[in-house]
Amino acid sequence: MSLIMQLHSFLDNVFKSLKLTQPLFFKGFPALRFDLQDEMLDTSDDAYFTEVVRRMNKIHEITTSKNDEVLIMLQRYTYKRRKIRKYSYLFKLFNEATATYQFKRSKAPIYKANGDTVADRSCLVIIKDKACNINFKGIFVGISHADFGRTPIIRGELYIVNLTKATITLMYDDRGCDLVSNNIQLLKDYYVELNDLVLEANRSDIIERLNI
């Protein structure tokens with residue numbers, strides 16, 4: 001079974017009708033939303049990005065075990081025939097001996113908008129491996145840089161699909177992270193362990209959804 005088919009099968013069986021687009025937190029599934037920013041730090045300081053990655057890495061270490069089977073899906077807007085290239089920074093974060101890849105290009109953009117032309121398209125790559133073979137910290141660094149012209153950089157939307165724990169995580173940029181699962185008890189456990197990182201603006205919604 002291709003990686004795209006594995007992803008679709010997982011989404012159909014675990015998250016009925018879920019489409020991987022932003023904002024993941026508001027898709028109607030049980031979810032957590034985390035705050036990656038320290039309001040005392042400025043984006044002009046290296047310390048700001050160090051703290052973003054520290055928080056995201058803490059979330060990852062609590063929600064992912066080393067032997068979990070993981071699909072990474074990166075999707076992004078492209079113009080005409082441009083595509084995700086295998087020599088980009090992202091692929092340096094995987095073990096070539098263990099990871100498997102599948103690329104796909106689409107003639108439609110991820111998000112449709114007025115003014116779209118035939119040149120507005122999208123592409124994606126899906127990568128599968130065990131969590132222990134993936135440099136997640138490097139992924140979080142690249143995403144945190146996306147809006148600031150810093151390097152290394154990962155552009156686009158990167159979804160971490162944990163097949164073992166049946167969760168999906170999206171670090172949407174340097175500001176925050178969404179995690180969805182139909183396992184409410186699992187989310188409650190994460191809520192307790194990561195309580196200090198829960199985004200205050202969405203805390204009451206999370207408490208209501210999870211019946212905490």
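Any value given below was found using the heavy atoms of this structure, including those in side chains, with hydrogens, waters and symmetry copies removed. As the structure is a computational prediction, the values presented were derived from the model and not from experiment.
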**Student:** Return a table of donor-acceptor pairs under 3.5 angstrom between the side chains of residues 138-155 and protein atoms on other chains or two or more places apart.
**Tutor:**
from	atom 1	to	atom 2	distance (Å)
Ser144	OG	Phe140	O	3.4
Ser144	OG	Val141	O	2.7
His145	ND1	Pro152	O	2.6
Arg150	NH1	Asp46	OD1	3.4
Arg150	NH2	Asp46	OD1	2.8

**Student:** Between Phe10 and Tyr159, does the ring centre distance come in under 6.0 Å?
**Tutor:** no
**Student:** When hydrophobic residues are tied together by side-chain contacts of less than 4.5 Å, even through go-betweens, does Phe34 share a cluster with Ile168?
**Tutor:** no
**Student:** Establish whether Leu163 and Leu11 are linked, either directly or via other cluster members, by ILVMFWY side-chain heavy-atom contacts under 4.5 Å.
**Tutor:** yes
**Student:** Go through it in stages, so that I can follow the logic: the residues are Cys177 and Met56, the test is side-chain contact (heavy atoms from CB on, under 4.5 Å), and I'd like the CA-CA distance, side-chain angles, deciding distance and then a yes or no.
**Tutor:** CA-CA 8 Å; Cys177 162; Met56 189 63 220; 3.6 Å; yes
**Student:** When you group the ILVMFWY residues by side-chain heavy-atom contacts below 4.5 Å and let the links chain together, are Leu18 and Val161 in the same group?
**Tutor:** yes
**Student:** Distance check, rounded to the nearest 0.5 Å: Leu197 atom CG versus Ile59 atom CD1?
**Tutor:** 5.0 Å
**Student:** What I want to find out is whether Lys58 reaches Asp196 closely enough, with some N-O distance under 4.0 Å, to be called a salt bridge.
**Tutor:** yes
**Student:** Applying salt bridge (Lys or Arg N to Asp or Glu O under 4.0 Å), can you list everything that pairs with Asp129, at least two apart in sequence or on another chain?
**Tutor:** none
**Student:** Is it true that Asp42 and Ser44 share a donor-acceptor pair across their side chains at a distance under 3.5 Å?
**Tutor:** yes
**Student:** Which residue pairs pass the salt bridge (Lys or Arg N to Asp or Glu O under 4.0 Å) test when at least one of the two sits in residues 198-212, sequence neighbours left out?
**Tutor:** Glu200-Arg203, Asp205-Arg209
**Student:** In terms of ring plane angle, is the pair Phe29 and Phe15 parallel, tilted or perpendicular, where the classes change at 30° and 60°?
**Tutor:** perpendicular
**Student:** Quick one: are Asp174 and Leu36 in side-chain contact, heavy atoms under 4.5 Å?
**Tutor:** no
